[in-house]
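Notes follow the structure.
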Amino acid sequence: MQSKPKELVVISGKGGTGKTSIVASFAALAEKVVLADCDVDAADLHLVLEPKITRRESFSGGKRARIKSGHCTACGKCEELCRFDAIYFDGPGNGKVGKTFRIDPIACEGCGVCAWFCAEKAIEFAPAVNGEWYVSDTRHGPMVHAKLGIAEENSGKLVSTVRKEAGAIAQQRGLGLVLIDGSPGIGCPVIASITGANLVLIVTEPTLSGLHDLGRVADVARHFEIPGMVCVNKWDLNPDVAAEIERQAQDRGLGVAGRVRYDRAVTEAQIRKQSVVEYQQDGCAGNIRQVWMVVHGELSKVNANG
Ligand code: SF4
Ligand code: SF4
């Protein structure tokens, strides 16, 4: 039986730290890898890896209510019961009443109370399509990624779906690593990105907000008992803060994976739809190669769960 693939998650306290360009470079350096883009609110790994979609699935994060105006008698019971103020008396009339009630699909939290109590059975309560997820081929291996619909908020569940599918593909194809581009921040999507992973790499910038974010993200990783490492990206923009980030990381029990210098080659590579390690050998690409070797060495020490 195949052993369970290991999961490496790359996260950051906020967007724009260069996390995704490091993931794209790791994808180029790793062998036998499945990529999972769990930054579903702002997915951009595809911009560099140019995935060719081979499978496309709808994603439903929950149910939504909808009033069938032809059946509504405008009794107002649903509006009275909805605790989320999602029901308005401005729906179209029908043969029985001049106006009916209407549900705002963005405000509806999908609790189902209105549908349960509508005596006329005028409320449809069905799974809502909140987005899509895809399996694709890239030049560095298979990739699972997703797109959440506008104003949709079930990204934690979508992240879990992307991770689960990536893990299944790795197992089926005998690929030993799932490389996850995690969601930024510390909310539900990032928790869904990291729970049960083997190693978390926190990418941060040498700024005071980077220092603050490191503490928050490190606390989340520690809470879920996931070993963590830190990489300071663009460290040479502020060497003192970079050193302080590494010192605080060590105090928090995190490993230091290394530093990546600021380099315009990152943008030049992106314009050419390449990861920076494909674009150049030295400069920050050399730093990323070193970080990868440290992270890879650490990964080989941890046991895959289960
Ligand atoms: S409870 Fe049913 S019938 Fe009454 S207003 Fe709401 S949808 Fe219409
Ligand atoms: S499902 Fe719940 S939140 Fe949505 S409209 Fe009905 S009562 Fe309100």
Side-chain angles (χ1 to χ4, degrees), residues 4-15 19-20 23 34-46 51 53-66 82-84 86 103-116 123-136 142-172 178-200 216-217 219-221 223-226 305-306:
K4 196 167 177 237
K6 290 181 180 176
E7 287 185 312
L8 167 65
V9 194
V10 183
I11 56 172
S12 59
K14 64 176 181 64
K19 168 178 68 74
T20 297
V23 172
V34 178
L35 300 155
D37 191 349
C38 288
D39 192 351
V40 296
D41 293 307
D44 50 10
L45 198 51
H46 66 280
I53 295 174
T54 57
R55 184 177 161 203
R56 181 187 293 262
E57 302 281 347
S58 298
F59 165 75
S60 173
K63 290 184 167 182
R64 289 280 159 79
R66 188 185 71 83
C82 178
R83 294 175 57 193
F84 300 97
I103 294 175
D104 175 354
I106 293 178
C108 173
E109 290 285 327
C111 70
V113 165
C114 57
W116 179 262
I123 303 183
E124 191 179 82
F125 189 55
V129 173
N130 309 106
E132 283 189 320
W133 60 269
Y134 320 95
V135 178
S136 294
M143 169 165 155
V144 185
H145 49 127
K147 198 157 134 197
L148 203 58
I150 293 163
E152 297 293 354
E153 288 175 357
N154 270 306
S155 47
K157 193 170 171 192
L158 184 52
V159 163
S160 301
T161 303
V162 167
R163 269 186 72 186
K164 190 167 128 257
E165 290 301 323
I169 291 170
Q171 191 115 28
Q172 282 158 15
V178 179
L179 173 58
I180 300 168
D181 187 2
S183 310
I186 55 163
C188 173
V190 76
I191 291 168
S193 299
I194 67 171
T195 40
N198 300 97
L199 186 65
V200 167
R216 300 187 319 153
V217 180
D219 288 346
V220 175
H223 178 79
F224 290 98
E225 298 180 356
I226 302 159
N305 298 327

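Reckoned from all heavy atoms, side chains included, excluding hydrogens, waters and symmetry mates. Note that this is a predicted model, so its numbers are computed, not measured.
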Decide yes or no for [X] and [Y]: does some side-chain heavy atom of the first lie under 4.5 Å from some side-chain heavy atom of the second?
| X | Y | value |
| --- | --- | --- |
| Cys114 | Ile103 | yes |
| Lys4 | Asn198 | no |
| His145 | Pro51 | yes |
| Met143 | Tyr134 | no |
| Glu165 | Glu57 | no |
| Arg163 | Ile180 | yes |
| Val23 | Leu179 | yes |

For the pair Glu124 and Arg66, evaluate salt bridge (Lys or Arg N to Asp or Glu O under 4.0 Å) and give the outcome as yes or no after the intermediate values. CA-CA 5 Å; Glu124 191 179 82; Arg66 188 185 71 83; 3.3 Å; yes

Which atom names give the shortest non-hydrogen contact between [X] and [Y], and what distance separates them?
| X | Y | result |
| --- | --- | --- |
| Gly196 | Ile226 | N-CD1, 4.2 Å |
| Val178 | Ala166 | CG1-CB, 3.8 Å |
| Phe125 | Cys111 | CZ-C, 4.1 Å |
| Ala197 | Val9 | CB-CG2, 3.4 Å |
| Gln171 | Pro5 | OE1-CD, 3.7 Å |

To the nearest 0.5 Å, tell me how far [X] [atom1] sits from [Y] [atom2].
| X | Y | atom1 | atom2 | value |
| --- | --- | --- | --- | --- |
| Asp181 | Asp37 | CG | CG | 5.0 Å |
| Ile123 | Arg64 | CD1 | CZ | 15.0 Å |
| Leu158 | Phe59 | CG | CZ | 4.5 Å |

Any sub-3.5 Å donor-acceptor pair from Ser60's side-chain atoms to Val129's backbone N or O?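 No, the answer is negative, given that no donor and acceptor are paired below the 3.5 Å cut-off.
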
Got a sec, which residues hit side-chain hydrogen bond (donor to acceptor under 3.5 Å, both in side chains) with Asp104, two or more places apart in sequence or on another chain?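 Partners of Asp104 by the side-chain hydrogen bond (donor to acceptor under 3.5 Å, both in side chains) criterion come out as none, since no residue qualifies.
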
